[in-house]
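Here the structure comes first, spelled out in structure tokens, and everything after it is commentary.
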Amino acid sequence: MHDDDLEDESVPAWRASPPSVLAVLVAHRGSRWLPQTLAALDRLHHRPDHLVLVHDDSDPATRDLLEGHAHASRIVTAPARRGFGGQVAVAVESQTEAYDWIWLLHDDQICDPDALSGLLDEATRDPDIGIVGPKVREWPSLRRLLEVGLTVTGTGQRETMLESGEPDAGQHDRPQDVLAVGSAGMLVRRDVWERLGGTDPRLPLFFDDIDLGWRANRAGYRVRTAPRSIVFHAEATANRRRVRRKGVREHAGERRAAALHTMLANSDPLRFLPLSIRLFVGSLLRFVGFLFGKDLRSARGEIMAMVTVFANPGPMIAARRRRKPNVVRRNRELKDLFAPFWMPYQHGLDVAATTVQAVVRPESVDSLGLRSIGVAEEDEEDPVVVDQPPWWRRRPWLTWVLVLLVGSLVAARSVAAGHLFSPVLPASPDAVSSWWRLLFERSHAVGLGSADVAPAYVVPLAFVGLLVWFAPGLISWILTVLAVPFAALTAHRFGRLVSDDRAVRMTWAVSYGLVVGVTGAIAGGRLGTVVTLVVAPLFANVLLRLVLEPTWTRAALVGLWIALVAAFAPVAWALGIVALVVSALLVRSSARYLALSGVIGTVLLGPWLLDRVLSGRIWWEVGNPVDAPASAWDVVTGTGGGPGSAPWWIAVPLIVLAAAALVPEATRRAVAGAWIVAVAGLATGLLASISTYVPFPGAPEVRAWSGLGAGIWLGGLLTAVLFAWPALRTRKHRRWRRPAIALLAAFPILAGGWLVVRGIDDPLESGDARVVPAFLAARPGTTVVLTGDSESGIVADAVVGPGPYLGAEALRTTAEREDRLRDTVTSLVTTPTRDDVDELARLGVDSIYAPDVDLDLARRIDAAPGLAQKGSDSPDSRVWSVTSEVEAEPAPEAGPARPWIAGVWVLAWVGAFVGALPVRRNAAPGPDPDEEDDA
């Protein structure tokens, strides 16, 4: 669109010899609005020469109102079930007197007294002007703008180029050329209407106005806005406030089908095929988006629109043929009249921003916002702007989140760049395609070859990785570095549900976020604990809502959360199932919903349930199995023991305050519930501290990680304090308020200060995570890594390339091949023979690497025939190359059904995710109280 210069204020020439105007008012069951609509026409300063009222005889009340209007030239009854354009055509055909312009009117619009005058002022300025439209405001608000001209985006979306709810303050009062104007108040030159054939009969309800304006522009006419002409429109049909009984029924997807038809029918020949592909693919993406948004009505409409337009192209081709004789301008010449190319993407960002705001809303005090400022009446004085506090005081929770974000980045100063890894956390793959291959391939190039099913956590990693295709390391970086603010955000969302004390729940949320760092999970690279503690408040939030107000959607979401955390930390499955059982016993009415949650959470884990959850490896979280010794005191003070855990004294103020929270009787029941959760976490941590497991046959036994239970223990204590805090408002406990505040503030201050000073490195690192020298990592061969010594025993592990990446570390070869490798290495380091080297070659091994080998062991391996020494990366390490020419055996391979089973597994996760999304219910049009059913 482009602006013209302001027009002069002189009296237009048309007033000396006014052109003849035929006004056509179309009514369908409009008795609610017609009295005011007709009264407004009687108040016009310049009236039309002829007024034709047309209706479809679907409503006696509407017919009586039209017949009672004294200034109508004639009243015409149109055939039933014809659209707006069809009824206008009937009225025009009935007109025998001469006229120059056609003025189109709806039964739910009010015309300003100067509406027709303003239109004629603009319409008569240039002989090239064929269509003029008024400025349209909302009825009944009378101030908010609805339209000042129309256009369309490249994806077929109707666009007004106005802000939602934008008030009319004169900012759009310059007349301008536009692609189209709305039919409510549209003024069309008679010869233009006849040349174009009126509106397209294929568009009875929607997009008929855009299509007509677009055709007029392509035929060489100008379509203009006349802002001095003002009409007020209720948009009863678009807002579903009109009963369409006996009228044109809106079919599923008709709005979208009209948009697709309009776009394709008016496209240039060379742009037709690319535009068809774009709209087809875009409609598929919209369909998927509506499914994920649980807007099933819109999803069905999108498919129906695609079927209507693309499966039956005949009407669209016929429409293009009818338009062709009138085309004198290409769409390229009209490019200034179309919406900018970025407009659809802006709408997408707006939707995304709205979604994020719905999930994470900052705490704020009442303040003047852009959308809260109304338009004052003309006789009111200008509002007084009062100085406000700084933004950080008006939005304290947003301030806290920013502080946590900055603090987390400062704590991550030593691991700010590069792939994150630790003894527990493997490095991420180079591309997300590696995770997708793990799910579907029948044989994995891992170690000696594996046919194992991919671990369950690869499914969510693969989906999230689609957002960062060539940088999957960002996922583990974000989860690790930003774990504290993420956990605080989820905790704050739960806090909104259970507490109305803003200051306390913000302190509680910040403290909970820091719990993730206190346990040592961040510094250790333990993604299982991080994911579980971040998701735990969301799980508690939805579980509480499910118990109080059970719905199938919430049941699916609870099951999805259980599956997600159990995929990363298998012991969380047991904790989640226990929570469901306890909830079902307490609230029997929700038992079937809770049972569904348990089924969904169990089914989504697939084979992972047998491999980890129901085996002795339930303590093995995502990552490498690493020995994690922890004492009972470590667990009680909220840590998992080992490097990266916080000092014991940080948790002491919290433990003292949580014990004191049991004293007030008024809140003891809720506090006791929080203590039960805390004790369950404590028991889990203590059990882990005395538990061991064997990751795979031949591997050394490792002690379980107790940090997850310790984190739940601290989180439960914090929640107990949150529940007990209202008791400090009472007179009985008010004297303890200041000591309680000091103890509550002590934990986040101590924990936050410790985390920022120490940092999150050690043992977490960033950079190159290969476990073999660079020259071995650069080739695709298999290397056997030897660790240990002759006295404690040698451990052999086979790796491919630089070593296993995140997701592949859980895959092992067959037990038979593991035994053969172990026996061969044992023989090789004791009495090496040629057969030992040949056996390595048959297993696919081409190199041996000992990162820290003693001289005695090195001499024995040197003596093995068929091995040749290679260069190494340090004086203490050795590399031998297998020179045997024995052909390698085929790697283990799963059956042909593996890809299909993986596909069903992935679809199950997608189905659970879609089922967990809230259902969007479109408001259905209610019956008109002023109308009676004539059926």
Side-chain angles (χ1 to χ4, degrees), residues 361-366 389-390 392-404 407 484 487-515 518 537 540-541 544 636-638 646-679 681-682 712-755:
R361 295 175 300 173
E363 292 269 11
S364 60
V365 298
D366 296 335
W392 55 270
R393 291 183 58 188
R394 287 184 284 121
R395 294 177 172 85
W397 176 237
L398 177 60
T399 304
W400 273 115
V401 172
L402 293 176
V403 169
L404 291 178
V484 171
L489 286 169
T490 59
H492 185 257
R493 186 164 180 81
F494 176 70
R496 283 180 175 273
L497 187 65
V498 299
S499 174
D500 59 355
D501 193 320
R502 296 171 60 243
V504 175
R505 71 170 175 244
M506 283 189 290
T507 306
W508 171 81
V510 170
S511 300
Y512 181 84
L514 292 167
V515 163
V518 167
N541 189 319
L544 181 58
V636 170
T637 54
W648 63 268
W649 43 265
I650 287 181
V652 170
L654 175 59
I655 297 173
V656 172
L657 190 59
L662 290 168
V663 174
E665 295 181 3
T667 58
R668 188 174 296 165
R669 184 175 181 180
V671 171
W675 262 96
I676 291 174
V677 174
V679 171
L682 178 63
I712 297 175
W713 156 249
L714 290 186
L717 297 182
L718 279 167
T719 307
V721 174
L722 178 67
F723 286 155
W725 201 265
L728 294 177
R729 301 173 186 169
T730 63
R731 180 179 300 177
K732 182 178 180 180
H733 301 287
R734 190 177 299 168
R735 65 182 181 276
W736 301 105
R737 185 175 181 86
R738 289 187 178 180
I741 292 175
L743 289 173
L744 181 63
F747 180 79
I749 293 174
L750 295 175
W754 168 83
L755 188 64

Between Trp400 and Thr507, is the side chain to side chain contact (heavy atoms under 4.5 Å, CB included) condition met? List the steps. CA-CA 9 Å; Trp400 273 115; Thr507 306; 5.7 Å; no
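- The minimum heavy-atom distance between Leu728 and Ala740, with the atom names listed, is CD1-CB, 3.6 Å.
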Using a 3.5 Å cut-off and no angle test, enumerate the donor-acceptor pairs between side-chain atoms of residues 652-675 and protein atoms at least two apart in sequence or in another chain.
unit_1 : atom_1 : unit_2 : atom_2 : d
Arg668 : NE     : Leu662 : O      : 3.0
Arg668 : NH2    : Val663 : O      : 2.7
Trp675 : NE1    : Ala658 : O      : 3.1

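- Without hydrogens or angle criteria, Arg735 side chain to Lys732 main chain gives a donor-acceptor distance under 3.5 Å.
- From Tyr512, atom OH reaches atom CG of Leu489 across 12.5 Å, with rounding to the nearest 0.5 Å.
- Residues passing the side chain to side chain contact (heavy atoms under 4.5 Å, CB included) test with Ile676, sequence neighbours excluded: none.
- From Leu682, atom CG reaches atom CG of Leu714 across 9.5 Å, with rounding to the nearest 0.5 Å.
- The two residues Trp754 and Ala646 come nearest to each other via the heavy atoms CZ2-CA, 3.4 Å.
- Between the Arg505 side chain and the Ser499 main chain, a donor and an acceptor come within less than 3.5 Å of each other.
- To the nearest 0.5 Å, atom CD1 of residue Ile650 and atom CG of residue Leu755 are 9.0 Å apart.
- Residue pairs satisfying the side-chain hydrogen bond (donor to acceptor under 3.5 Å, both in side chains) criterion with at least one member in residues 715-730, sequence neighbours excluded, are listed as follows: Asp501-Arg729.
- Counting only heavy atoms from C-beta outward, the side chains of Val510 and Met506 never approach each other to under 4.5 Å.
- Here Trp648 pairs with Trp633 under the ring-ring contact (aromatic ring centres under 6.0 Å, His included) rule; sequence neighbours left out.
- In this structure, Trp649 and Leu750 approach most closely via the heavy-atom pair CZ3-CD2, 4.1 Å.
- For the pair Gly638 and Val518, the tightest heavy-atom approach, listed with the atom from each and the gap, is O-CG1, 3.9 Å.
- Every residue meeting the side chain to side chain contact (heavy atoms under 4.5 Å, CB included) condition with Val498, not counting sequence neighbours, appears here in chain and number order: Phe494, Leu544, Leu722, Phe723.
- Shortest non-hydrogen contact noted between Pro748 and Leu744 is CD-O, 3.0 Å.
- Heavy atoms from other residues, nucleotides or ligands lying under 6.0 Å from CH2 of Trp736 number 12 at most.
- Residues satisfying the side chain to side chain contact (heavy atoms under 4.5 Å, CB included) test with Ala488, not counting sequence neighbours, are Trp397, Leu404.
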